[in-house]
A.B. asks: 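First the structure, then my questions, so here it is.
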Amino acid sequence: MRIRIADIATYDGQQITIQGWLHNRRSSGKIHFLIVRDGTGFVQTVMSKAAVGDEAFTQADHLSQETSLSVTGTVRADARARGGYEIDVTQVEVHGAAHDYPITPKEHGVDYLLDRRHLWIRAERQTAILRIRHEVIDAVRDFLNSRDFILCDTPIFTPAACEGTTTLFPVQYFDDTTAFLTQSGQLYNEANAMALGKVYCFGPTFRAEKSKTRRHLTEFWMVEPEMAYADLNDVIELAEGLIVSVVSRVLDRRRQELEVLERDVSKLESIQAPFPRLTYDRAAQLLKDHGQPFAYGTDFGGTDETVLSEQFDRPVCVTHYPSRIKAFYMQPDPQQSDKALCVDMLAPEGYGEIIGGGQRLDDLDLLRERIEAHGLPQEAFDWYLDLRRYGTVPHGGFGMGIERCVAWICKLEHVRETIPYPRMLHRLYP
RNA sequence: UCCUCGGUAGCUCAAUGGCAGAGCAUCCGGCUGUUAACCGGAGGGUUGCUGGUUCGAGUCCAGCCCGAGGAGCCA
């Protein structure tokens with residue numbers, strides 16, 4: 001019977017076959033220990049000379065790391081084995097040999113591993129991270145779907161800058177036309193929300209920033225919900241609900257992976273709504289109280305964000321930034337017109353901004369004014385202005401970066417391990 | 001673009017300006033309960049590149065190439 005290693009506990013005492021790859025091998029003369037992985041988990045198989053005969057035993061002594069093989073044997077509970085079960089081998093069938101597998105059980109450098117990312121993802125730690133990434137994405141979709149959001153994806157080839165400020169990747173789009181890879185689906189999302197009420201897009205986004213930090217990729221995945229007839233408070237509550245839901249889902253279904261990563265889960269268990277809210281002004285005061293050299297009126301730097309988030313045991317929402325340091329489409333606060341109805345959610349433990357969003361500007365004339373003030377080409381936004389010409393409503397939404405969220409939940413040093421094939425300033429291979 | 005650090009065996013790293021080393025990996029041998037197993041042996045080097053200083057450079061100097069961390073910008 002062919003089984004998955006993840007299900008081994010239900011086959012105690014039975015003869016089974018697993019199909020996988022040799023992860024490691026230890027030997028003790030008349031007994032071999034073959035550690036096998038199959039994508040669902042790892043198991044120690046035990047091969048004794050007496051059980052398999054001289055020939056098979058000698059052959060097994062030469063099996064190398066990552067050889068693909070099928071192992072048949074009897075499942076047996078054993079406290080000495082990691083996972084509580086091991087397999088007494090009766091037969092091993094080799095499918096493909098692996099000579100000089102480059103990723104050995106010892107340490108390797110970052111560059112070396114990234115050059116072999118297609119193999120590195122076989123490592124236990126990497127598979128744990130990628131499973132958690134899957135769970136985060138699945139939880140995000142379930143959360144939004146269950147609240148009647150319609151998935152309505154936005155284009156990746158775009159004709160112009162969405163926000164005009166950040167650097168875009170140009171691509172040739174037939175003849176003399178230049179297209180740009182999207183850096184946000186937001187403007188299209190707003191149009192979609194006017195059609196469907198509550199929508200979200202989920203896909204890759206591209207930023208040609210020459211950033212070299214642990215928080216940046218040039219290609220990353222972002223989920224962006226957008227709601228018609230919604231204000232800043234609705235946006236914040238949605239963002240809170242999403243994060244609480246995602247974290248509890250990972251705690252619920254990916255305990256084992258968090259354990260592999262040696263994640264302190266108590267830090268995740270305290271992620272409950274409501275999250276603390278701070279206005280930009282209060283945040284600035286807080287930074288001043290903590291002796292941070294922060295200039296009022298500017299955006300927070302990486303260290304500022306870390307200092308702010310360290311004051312709380314859960315994500316903190318910073319609202320009402322000065323309009324002039326935010327995108328052109330932010331709705332001004334009616335109480336203080338120089339402030340925007342926006343929100344940035346900063347993850348705990350120094351992981352920085354994981355969500356950014358707010359209420360969108362819904363007045364046609366003011367939006368025109370802002371586009372001009374930001375030096376953006378009016379004609380490129382003509383279709384976008386139509387949304388204010390034909391039945392404008394208060395609306396808002398946000399974007400959540402999947403990789404930063406996963407990096408935080410897994411407590412990783414760098415976002416590069418949260419995506420199978422990271423794209424960075426110096427990394428386009430493999 | 002700027003600042004800091006780094007580049008030596010397949011990998012991770014040592015080496016006062018004075019014989020190029022260790023662990024792991026590979027190969028050979030030993031061991032019936034190993035947990036990155038262990039023990040013995042063997043093979044394995046254009047010290048990132050170019051030039052300079054010096055009796056002598058992996059080491060010091062200059063330039064270049066490549067990478068990492070950070071700043072700015074952002075999710």
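From a predicted model like this one, the values you see are computed outputs, not experimental measurements. Residue numbering restarts at 1 for every chain, and letters A, B, ... go by the order of the sequence lines.
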A.B. asks: Counting side-chain heavy atoms from C-beta on, which of B:rC31, B:rG33, B:rA75 comes nearest to A:Ser27?
C.D. replies: B:rC31

A.B. asks: Could you tell me whether A:Gln44 contacts a base, only the sugar-phosphate backbone, or nothing, with contacts defined as non-hydrogen atoms closer than 4.0 Å?
C.D. replies: base

A.B. asks: What contact category does A:Arg76 fall into here, base, sugar-phosphate, or nothing, at under 4.0 angstrom with non-hydrogen atoms?
C.D. replies: base

A.B. asks: Would you mind classifying the nucleic acid contact of A:Phe33 as base, sugar-phosphate or nothing, using non-hydrogen atoms under 4.0 angstrom?
C.D. replies: base

A.B. asks: What residues form a side-chain hydrogen bond (donor to acceptor under 3.5 Å, both in side chains) with A:Glu259, not counting sequence neighbours?
C.D. replies: none

A.B. asks: Using a cut-off of 4.0 Å on non-hydrogen atoms, how would the nucleic acid contact of A:Asp344 be classed: base, sugar-phosphate, or nothing?
C.D. replies: nothing

A.B. asks: Give RNA chain B the dot-bracket treatment, 5' to 3': Watson-Crick (N1-N3 with N6-O4 or O6-N4) or G-U (N1-O2, O6-N3) under 3.5 Å, [ ] crossing, | other strand.
C.D. replies: (((((((..((((....[..)))).(((((.......))))).....(((((..]....))))))))))))....

A.B. asks: A:Phe275: which residues meet the ring pair (Phe, Tyr, Trp, His ring centres under 6.0 Å) condition with it, sequence neighbours left out?
C.D. replies: none

A.B. asks: Give the nucleotide from the list B:rC31, B:rG33, B:rG67 with an atom nearest to the side chain of A:Asp111.
C.D. replies: B:rG67

A.B. asks: Check every strand shown and say whether A:Glu86 touches a base, only sugar-phosphate, or nothing at a heavy-atom separation below 4.0 Å.
C.D. replies: base

A.B. asks: Closest approach to the side chain of A:Ser28, judged atom by atom: which nucleotide of B:rU32, B:rA75, B:rA68 is it?
C.D. replies: B:rU32

A.B. asks: Ignoring the backbone of A:Lys210, work out which of B:rA71, B:rU34, B:rU1 is nearest its side chain.
C.D. replies: B:rU1

A.B. asks: Once you apply a heavy-atom cut-off of 4.0 Å, does A:Gly109 come out as touching a base, just sugar-phosphate, or nothing?
C.D. replies: sugar-phosphate

A.B. asks: Kindly say whether the aromatic ring centers of A:Phe180 and A:Phe206 come within a distance under 6.0 Å.
C.D. replies: no

A.B. asks: Tell me if the CD atom of A:Gln14 is crowded by more than 12 foreign heavy atoms within 6.0 Å.
C.D. replies: yes

A.B. asks: Which of these nucleotides, B:rA71, B:rG10, B:rG33, is closest to any side-chain atom of A:Arg215?
C.D. replies: B:rA71

A.B. asks: Using the side-chain heavy atoms of A:His108, tell me which of these nucleotides is nearest: B:rA75, B:rG69, B:rC11.
C.D. replies: B:rC11

A.B. asks: What's A:His216 touching, base or sugar-phosphate or nothing? Going by heavy atoms closer than 4.0 Å.
C.D. replies: base

A.B. asks: Do A:Tyr296 and A:Tyr280 make the cut of ring centroids closer than 6.0 angstrom?
C.D. replies: yes

A.B. asks: Considering heavy-atom distances to RNA chain B, does A:Asp304 or A:Arg116 have its closest nucleotide positioned more toward the 5' end?
C.D. replies: A:Arg116

A.B. asks: Just call it for A:Arg82: base, sugar-phosphate, or nothing, with non-hydrogen atoms closer than 4.0 Å on any strand.
C.D. replies: nothing

A.B. asks: Hey, which of these two, A:Arg80 or A:Asp299, hits RNA chain B nearer its 5' end, going by closest nucleotide?
C.D. replies: A:Arg80

A.B. asks: Tell me which nucleotide among B:rG72, B:rG33, B:rA68 gets nearest to the side chain of A:Ser211.
C.D. replies: B:rG72

A.B. asks: Taking any heavy-atom pair under 4.0 Å as a contact, classify A:Arg416: base, sugar-phosphate, or nothing.
C.D. replies: sugar-phosphate

A.B. asks: Answer yes or no as to whether B:rA75 has its base stacked against A:Phe220, where stacking requires a ring-centre separation under 5.5 angstrom and planes under 30 degrees apart.
C.D. replies: yes

A.B. asks: What distance separates A:Glu219 CD from A:Glu403 CD, expressed to the nearest 0.5 Å?
C.D. replies: 8.5 Å

A.B. asks: Looking for any heavy atom pair under 4.0 Å, which part of the strands does A:Ile35 touch: base, sugar-phosphate only, or nothing?
C.D. replies: nothing

A.B. asks: Counting heavy atoms from C-beta on, name the nucleotide in B:rC74, B:rU26, B:rG33 closest to the side chain of A:Asp100.
C.D. replies: B:rU26

A.B. asks: Could you list all the ring-ring contact (aromatic ring centres under 6.0 Å, His included) pairs where at least one residue sits in residues 50-106 of chain A, not counting sequence neighbours?
C.D. replies: A:His32-A:Phe57

A.B. asks: Could you encode protein contacts along nucleotides 39-49 of chain B as a string, one character per nucleotide from 5' to 3', using B for base contact, S for sugar-phosphate-only contact and - for no contact, with a heavy-atom cut-off of under 4.0 Å?
C.D. replies: -----------

A.B. asks: Taking NZ, NE, NH1 and NH2 as the nitrogens, is one of them in A:Asp338 or A:Arg324 under 4.0 Å from a carboxylate oxygen of the other?
C.D. replies: no

A.B. asks: Which listed nucleotide (B:rC31, B:rU12, B:rG33) is nearest to the side chain of A:Lys30?
C.D. replies: B:rC31

A.B. asks: Mind checking if A:His23 touches a base, just sugar-phosphate, or nothing, with heavy atoms under 4.0 Å?
C.D. replies: nothing

A.B. asks: Can we call the ring centroids of A:Phe328 and A:Phe381 under 6.0 Å apart?
C.D. replies: yes

A.B. asks: Could you note down all residue pairs passing ring-ring contact (aromatic ring centres under 6.0 Å, His included) where residues 106-132 of chain A supplies at least one of them, sequence neighbours left out?
C.D. replies: A:His108-A:Tyr112

A.B. asks: Heavy atoms from C-beta onward define the side chain here; which of B:rU32, B:rU34, B:rG67 lies closest to that of A:Arg26?
C.D. replies: B:rU34

A.B. asks: Would you call A:Glu135-A:Arg249 a salt bridge at under 4.0 Å N-O?
C.D. replies: yes

